[in-house]
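Here's the structure, in structure tokens; my notes come after.
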There are 4 protein chains.
Amino acid sequence: MVEKGRPRSEKIEKAILSAAYKLLMETGFQSVTVESIAKEAGVSKATIYKWWPNKAAVVVDSFLAAAQERIPMPNTGSVEKDLLLQLGNLSDFLETDKGRVITELIAQGQFDSDVANAYRTRYFAPRRLAAREILQRGIERGELKKDLDMELSIDLIFAPLFYRMLVTGAEIYPDFIKSVVSCVLTGIKVP
Amino acid sequence: MVEKGRPRSEKIEKAILSAAYKLLMETGFQSVTVESIAKEAGVSKATIYKWWPNKAAVVVDSFLAAAQERIPMPNTGSVEKDLLLQLGNLSDFLETDKGRVITELIAQGQFDSDVANAYRTRYFAPRRLAAREILQRGIERGELKKDLDMELSIDLIFAPLFYRMLVTGAEIYPDFIKSVVSCVLTGIKVP
Amino acid sequence: MVEKGRPRSEKIEKAILSAAYKLLMETGFQSVTVESIAKEAGVSKATIYKWWPNKAAVVVDSFLAAAQERIPMPNTGSVEKDLLLQLGNLSDFLETDKGRVITELIAQGQFDSDVANAYRTRYFAPRRLAAREILQRGIERGELKKDLDMELSIDLIFAPLFYRMLVTGAEIYPDFIKSVVSCVLTGIKVP
Amino acid sequence: MVEKGRPRSEKIEKAILSAAYKLLMETGFQSVTVESIAKEAGVSKATIYKWWPNKAAVVVDSFLAAAQERIPMPNTGSVEKDLLLQLGNLSDFLETDKGRVITELIAQGQFDSDVANAYRTRYFAPRRLAAREILQRGIERGELKKDLDMELSIDLIFAPLFYRMLVTGAEIYPDFIKSVVSCVLTGIKVP
DNA sequence: AGATAAGCGAGACGGTACGTCTTGTCTTCTT
DNA sequence: AAGAAGACAAGACGTACCGTCTCGCTTATCT
């Protein structure tokens, strides 16, 4: 059966997401208003609420849609080098405007579980997968313990960066990453 | 020098903080309004704004004032046991209502640097100090490397719990803590 | 050109004006609050501020909207009788609740020129026109001087009533009106 | 019996009235706040409320205290000339800042009968007395009707000026005064 | 001289209205 | 039916002013 009436315009959806993303980058999550998105996109507020349940949903969506760039998958033959590259990329990213934004989204996730689910499945899940592959190859190469708890290991690797970003606010200098990888590895590596 | 004018009423200050804390626990950060605090405390809104610049400031203050209970300082003679106790307490705490609240405050800290500064200096700083002592004793007993980077080590220990709370939302079961401590230790322990 | 968007609801506008008018009559200008108007009208405060710049504007508007009843135009064939009827009506009116209200609006007009402009053009202008016609007919009938300064004469006729209402607070008894008309017509000098 | 305790400081009372008057002239009735009077006078708010029941009372008092300058009593031998001088002075006065202020006080009198009583007895009563004398002399000289209603006549003379000031807002040019006096004296009817 | 009591400055406080802002829904006409 | 425009309800925000109060200090008279 064919849908009746005017079909949903994909152009409009994109305009909304672009506008939301632009404002998110420029002014931060709290300063973005649905009104401002509508104006920037040349769109009616009702149209936004037609497709997203609330402001947080649009804004998160706009961020995640824009974050679909390729996730780098380092494969140097060494777990340590791979992890250093991976964490280096992440920490570089967290310094950018986008990095600031993701902490705002994580913050919003504490108040809105839909937001939390969104960034978990669409943002973090694929990135953890990349880390998983690095570790998997390390196991196969005999660099890492066979019975490694993968999820735990990934937590140990990523957690310190987010902990500093979100909780302590301490600077994330390059040596910090080196030290994190070194410490975690010496722990999980075959002795 | 003697203070001039009618002195600030401590009773009122306490009433405000108690009211804010009560509402924070009952309804969560976002649902607390300055109006509701004023009503609950039997106080004028203007009085609240006289002493705190905005809602976030009062609410955070109310939490931190209530969080001044003794920080447990385990001292079993073993770094591993001490850390297990410390992290066990923390994870128990994070399961309670207060635990939920602190994630909300951390969230708020992403939007308001005054809030972030408040919980960093008044909440986390003393708790990190406790961890520091545990590690220090470990070094003195020869359990840990002499040239240990303390801040980094504390980050490695605490980060995974907060990472799960704030980012992945994964459950924090008892074995998780054991594994975290074990992994971090094997790395920083003298071989 | 057709208006875009949802049209302004006339029902709501009327509800606001009715509510404001009701409260104005019941409690007086100073006791009316925008909040109370909103509540009485079952309307949002923002809607009121959308169409009126402040409380005074709504309240004055509500009064003037309600004061659009027919202005009596006596035409007895005698200037004196016409003026007596006109002033009698006015003084009866000033004794009512509405009369008290208009002094409050005039008072408000001293602080807010928009208010003053409103009652001048919408309330007094049409009433002065009626008086003008009475005088005009008097001139045509040869009762009054041909070169009469109309504005001045109208001032002389109306002023004493308002002067007593606003300034001296003296009672306005029926004979007072008779005397005013008589004096204005013939003067106080010995003939 | 002698009063116990520290006596009321006249200096302070004067400072309050001066401050209130200064602010009244500079910023108008509504913009004067008790706070600002206290600050300007270097006095405590409580001291103000100790001697006056509310803001309006102080401000009106400050005005009336300052308005105690001699009231001119023209006596030219002609009622017309006397009235022209008297009204001329009044209209000159109403053009000044003080003139604006008195309309504000009259306005305030509509909401506060204490204010109204104050300016009636302390401001208008003595000025009406002066007019009364003018008329009395006119009667004695045979210029005016013997059975003249004095209060009414005074109303007729003063009312138009205040009517223009308070109600119509029309300009009060010199000829206007001439015409008022002339009309009141001789009437508008064809002789 | 010391006690007593009111005057006073400073400023905290309760109360209450203001006018603004944002969210999410609803209504009308246009495409 | 989708969409633009924009009206609307709800309700929190932070500000302002009023008039009252609570301190401690000062300035008088009374004992």
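Throughout, protein chains are lettered first and strands after them, A, B, ... in sequence-line order, and every chain is numbered starting at 1.
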Interatomic distance where [atom1] belongs to [X] and [atom2] belongs to [N] [whole Å]:
| X | N | atom1 | atom2 | result |
| --- | --- | --- | --- | --- |
| D:W51 | E:dC8 | CH2 | C1' | 10 Å |
| D:K39 | E:dA10 | NZ | P | 11 Å |
| C:I48 | E:dT20 | CD1 | P | 13 Å |
| C:D112 | E:dC18 | CG | P | 14 Å |
| C:E35 | F:dT15 | CD | P | 19 Å |
| B:R8 | E:dG14 | CZ | P | 11 Å |
| A:W52 | E:dT23 | CH2 | P | 15 Å |
| A:K11 | F:dG3 | NZ | C1' | 12 Å |

Does [X] use its side chain to pair, donor to acceptor, with the backbone of [Y] at less than 3.5 Å?
| X | Y | answer |
| --- | --- | --- |
| A:T47 | A:V43 | no |
| D:T103 | D:R100 | yes |
| D:Q110 | D:I106 | yes |
| B:S113 | B:A116 | no |

| field | 5′-ward residue of the pair C:R6/D:A56 relative to DNA chain F | value | C:R6
| Taking for each residue the nucleotide of DNA chain F with the nearest heavy atom, is it C:E10 or B:G5 whose nucleotide lies nearer the 5' end? |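 That would be C:E10.
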Side chain of [X] only, heavy atoms from C-beta on: which candidate in [options] is closest?
| X | options | value |
| --- | --- | --- |
| B:V34 | F:dG14, F:dA28, F:dG19 | F:dG14 |
| D:N54 | F:dG11, F:dG19, F:dC8 | F:dG19 |
| B:Y49 | F:dT15, E:dG19, F:dA28 | F:dT15 |
| A:K55 | F:dC21, F:dT27, E:dG24 | E:dG24 |
| D:V43 | F:dT27, F:dC8, E:dG9 | E:dG9 |
| A:I12 | F:dA4, F:dG19, F:dT22 | F:dA4 |
| D:A46 | F:dC18, E:dC18, E:dG11 | E:dG11 |

Taking donor-acceptor contacts at under 3.5 Å, does the side chain of [X] reach the base of [N]?
| X | N | value |
| --- | --- | --- |
| A:K45 | F:dG6 | no |
| D:T47 | E:dG9 | no |
| C:T33 | E:dA17 | no |

| Upstream residue (5' side of DNA chain E) when C:P53 and B:P7 are each assigned their closest nucleotide |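 First, find each residue's nearest nucleotide; the 5'-ward one identifies B:P7.
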| message | Against B:I37, only a single residue in B:I16, B:L17, B:L24 fulfils side-chain contact (heavy atoms from CB on, under 4.5 Å); can you say which? | response | B:I16
| Parallel, tilted or perpendicular, as decided by the 30° and 60° cut-offs, for the rings of A:Y119 and A:F124 | perpendicular
